[in-house]
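Below is one structure, written out as structure tokens; the observations come after it.
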2 protein chains.
Amino acid sequence: MTTTTDQEAALRIASGRKPLVEPLRLGERLKELRLANQWTLEDVSQRTGLARSTLSKIENDQISPTFTAVQKLINGLGIDLPQLLTPPRAQPRTMGRRDLTRSGGGQHHPTPTYEHELLSCELAQKRMIPFKTIVRARSFDEFSEWVRHDGEEFLMVLDGEICLYTEFYEPLALAQGDSIYFDSDMGHALVSVSDQDAVVLSVCTRADP
Amino acid sequence: MTTTTDQEAALRIASGRKPLVEPLRLGERLKELRLANQWTLEDVSQRTGLARSTLSKIENDQISPTFTAVQKLINGLGIDLPQLLTPPRAQPRTMGRRDLTRSGGGQHHPTPTYEHELLSCELAQKRMIPFKTIVRARSFDEFSEWVRHDGEEFLMVLDGEICLYTEFYEPLALAQGDSIYFDSDMGHALVSVSDQDAVVLSVCTRADP
DNA sequence: ATGGCGGGTTCACTATCGGAAACTGAGTTT
DNA sequence: AAACTCAGTTTCCGATAGTGAACCCGCCAT
């Protein structure tokens with residue numbers, strides 16, 4: 001994570017999105033969303049102001065929409081970009097969901113400073129975002145800005161040793177097995193102080209479910 | 001077409017996000033990000049594969065980049081889309097609480113089947129409850145009834161191997177590093193299937209205030 | 001059948017994007 | 001002060017996105 005939002009990014013991705021390096025089947029997703037709401041292309045056209053033909057082409061991956069078009073989409077459909085990018089995962093409203101992630105089987109999302117592995121990303125509607133992170137950063141300087149995101153975060157060091165920099169406190173060394181709970185809108189950043197990259201498990205709260 | 005506002009609202013609520021009204025000053029944000037990292041347009045051009053001129057125009061809101069261009073940006077810069085769209089301007093009301101728990105320094109709470117160690121118990125008002133558990137139980141029979149509580153639970157096996165019994169699914173073997181997310185009002189119970197007691201980290205959601 | 005209709009795709013055209021190169025302006029060097 | 005460099009802007013043009021209209025279905029009703 002380079003800046004602020006790596007983790008925030010992680011948070012949003014955790015809605016189940018694929019890593020951004022991949023194709024990002026925008027069209028597929030749009031179609032799914034449209035059909036899920038039983039909208040016709042005309043309906044969506046009305047809502048978004050985009051031409052029917054344009055929508056058709058976007059859905060069939062015949063064109064790459066401009067960003068303004070994407071904005072019209074998210075505004076018109078009353079959704080958020082992460083949601084638009086979130087692969088469809090029709091989750092039943094029934095309770096008793098579960099989502100298994102085998103070791104190493106999460107969604108990897110590398111950045112210069114961190115390497116996130118999102119866990120349990122099959123489940124879209126959940127109140128916590130768990131992810132395992134390999135901390136590559138070795139110096140606080142590698143962050144251009146504080147990481148911050150709404151809510152609270154719990155963190156446990158699984159391997160190695162890290163230093164947790166926070167906006168309002170002195171840097172704090174955390175060894176394997178140590179854990180910390182903090183308000184994540186306070187700027188924070190992790191660097192590894194062990195020989196090898198450190199590994200931490202984080203769980204963030206998610207904006208109201 | 002269907003009525004809009006209701007479904008729209010429903011969608012929004014379902015997604016748990018606020019509508020995106022603001023213009024999304026992409027160019028501005030990109031420039032901020034670039035300057036924060038002390039990159040020149042040429043640097044970014046190298047990283048993203050987009051032409052210098054194109055980047056300039058994006059920054060100055062002279063063009064609306066296509067979505068493929070945006071993808072090149074987020075890939076090349078090692079960031080995520082939400083990060084690109086999220087102004088680093090921090091929201092003001094940070095409480096900035098934190099609660100450190102050194103390894104083994106939690107509140108121990110033994111039961112016949114489990115031995116819980118509550119983590120971060122200094123903090124009263126929090127939305128997640130993290131705890132480490134040593135699983136002593138070796139057989140499902142040791143439980144007189146299902147464990148269940150409102151909300152959701154995330155669980156990762158830190159050591160050993162366990163079998164997770166749940167009300168609605170077949171028993172599931174989880175080895176070290178495996179994790180699972182589930183609705184915790186579904187009955188559940190853990191037993192260790194490794195030689196020694198297994199250790200798991202759990203995080204539960206807490207009933208909302 | 002036949003025709004009308006609603007939903008989606010394709011076509012032809014214009015608007016606009018993306019890239020190479022030329023340009024501007026501020027330093028630096030000679 | 002001319003020449004050079006470097007960062008960013010602007011220009012020009014080929015490529016492509018966005019649009020309305022035409023077209024192509026499957027469906028329903030005489």
field: Any donor-acceptor N/O pair under 3.5 Å between dG7(C) base and Arg52(A) side chain
entry: no
query: Per the salt bridge (charged side-chain N to carboxylate O under 4.0 Å, His left out) rule, which among Arg97(B), Lys126(B), Arg127(B) passes with Glu152(A)?
result: Arg97(B)
- request: Return the set of residues passing side chain to side chain contact (heavy atoms under 4.5 Å, CB included) with Asp159(A) (not counting sequence neighbours), or none when no residue passes.
  value: Gln176(A), Gln196(A), Val199(A)
- prompt: Side-chain contact, heavy-atom cut-off 4.5 Å: Glu145(A) with Leu33(B)?
  reply: yes
Spacing of Leu30(A) atom CG relative to dT9(C) atom P, expressed in whole Å: 11 Å
message: Between P on dG8(C) and CG on Asp61(A), what's the gap in Å once rounded to a whole number?
response: 17 Å
field: Heavy-atom check, side chain of Ser120(B) versus side chain of Met128(B), under 4.5 Å
entry: no
message: Without decimals, in angstroms, what is the distance between Leu41(B) CG and dA7(D) P?
response: 9 Å
Step-by-step side chain to side chain contact (heavy atoms under 4.5 Å, CB included) determination, Leu172(B) to Arg98(A): CA-CA 11 Å; Leu172(B) 191 59; Arg98(A) 70 169 196 188; 3.7 Å; yes
message: Nearest whole Å is fine: how far is dG8(C) P from Asn60(A) CG?
response: 11 Å
Could you list, one pair per line, each protein nitrogen or oxygen that sits under 3.5 Å from a nitrogen or oxygen of nucleotides 17-19 of chain D, together with the distance?
unit_1	atom_1	unit_2	atom_2	d
dA17(D)	OP1	Ser64(A)	N	3.4
dG18(D)	OP1	Thr66(A)	N	3.0
dG18(D)	OP1	Thr66(A)	OG1	2.8
dT19(D)	OP2	Ala51(A)	N	2.9
dT19(D)	OP2	Thr54(A)	OG1	2.9
dT19(D)	O4	Lys57(A)	NZ	2.6

message: Looking only at the side chains, is there a donor atom on one of His188(A) and Thr166(A) sitting less than 3.5 Å from an acceptor on the other?
response: no
message: What is the separation between atom CG on Leu55(A) and atom P on dG20(D), rounded to the nearest whole Å?
response: 11 Å
- request: Output yes when at least one side-chain N/O atom of Arg34(B) is less than 4.0 Å from OP1 or OP2 of dG8(D), else no.
  value: yes
- request: For Leu73(B) and dC17(C), give me the distance from atom CG to atom P, rounded to whole Å.
  value: 15 Å
